[in-house]
Amino acid sequence: YERRFDLARGARQRAAIAVEAGTMHLERLQRPDQARQWFERARELADDDLAVHHALAELERMEGRSGPLREALDRVIALGGDGTPVSVLVEAADLHAESGQPEQALRYLKRANERKPDDPLILEALSDALGNAGRGAELADVLERRAALATDDADARADALLELSRIHEE
């Protein structure tokens, strides 16, 4: 890869080769330190390339580094815009919630919910985040939607209605 990298013309082509080399080191050779070096080279060359930040996120995920993973996913979301996969939005929201950044978590969960308004897992995560943020009115709306959508799951429906009744009592 080093030779291909040296012979490549332009930053984009070099960055693509660096991501390919890093992925090889990460997935096949099980050498995360070498992968990190390649991915960092790619980031220096093309910080606005989604593939670079997806690769960095995968490395951080595999190494269990939640802070750097959160940063890499934030960059993927910023670069990906409306095309960002919902799974990335939800994962980033979870990391932000765990790190004490509930407002950012809510922003990502709301974006995910806009794209998949009937997804019960997203609605559950969104209701948890709204409850933690003390947003009762918004939480009530989400719980009503959760209850309405849980026609085949009596337990989920009961949980949503129970939580909704607690909100109305307060």
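All values below come from the heavy atoms of this structure, side chains included, with hydrogens, waters and symmetry mates left out. Given the structure is predicted, the values throughout are model-derived calculations rather than measurements.
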In plain terms, say whether [X] and [Y] are close enough for a salt bridge, that is, a side-chain N and a carboxylate O under 4.0 Å apart.
X   : Y   : value
E44 : R14 : no
R61 : E58 : yes
E60 : R70 : no

Side chains of R146 and S127, donor plus acceptor under 3.5 Å: yes
Pair H96-D74, side-chain donor/acceptor within less than 3.5 Å: yes
Assess whether salt bridge (Lys or Arg N to Asp or Glu O under 4.0 Å) is satisfied between R12 and D48, documenting all intermediate values. CA-CA 10 Å; R12 293 270 178 221; D48 62 344; 2.8 Å; yes
Between Q13 and R9, is there a donor-acceptor pair closer than 3.5 Å when you use the side chain of the first and the backbone of the second? yes
Would the distance check show the side chain of R115 and the main-chain N or O of T84 forming a donor-acceptor pair, the cut-off being under 3.5 Å? yes
Is there a continuous path of hydrophobic side-chain contacts, each under 4.5 Å between heavy atoms, that joins [X] to [Y]?
X    : Y    : result
L79  : L56  : no
V88  : M62  : no
L95  : L106 : no
L109 : L143 : yes
Y108 : L69  : yes

Rounded to the nearest 0.5 Å, the CD1 atom of I77 sits from the CZ atom of R107 at a distance of 11.0 Å
Full working for salt bridge (Lys or Arg N to Asp or Glu O under 4.0 Å) between D49 and R43: CA-CA 8 Å; D49 187 330; R43 181 167 46 188; over 6 Å; no
In short, L162 meets S165 closest at the heavy-atom pair O-OG, 2.6 Å
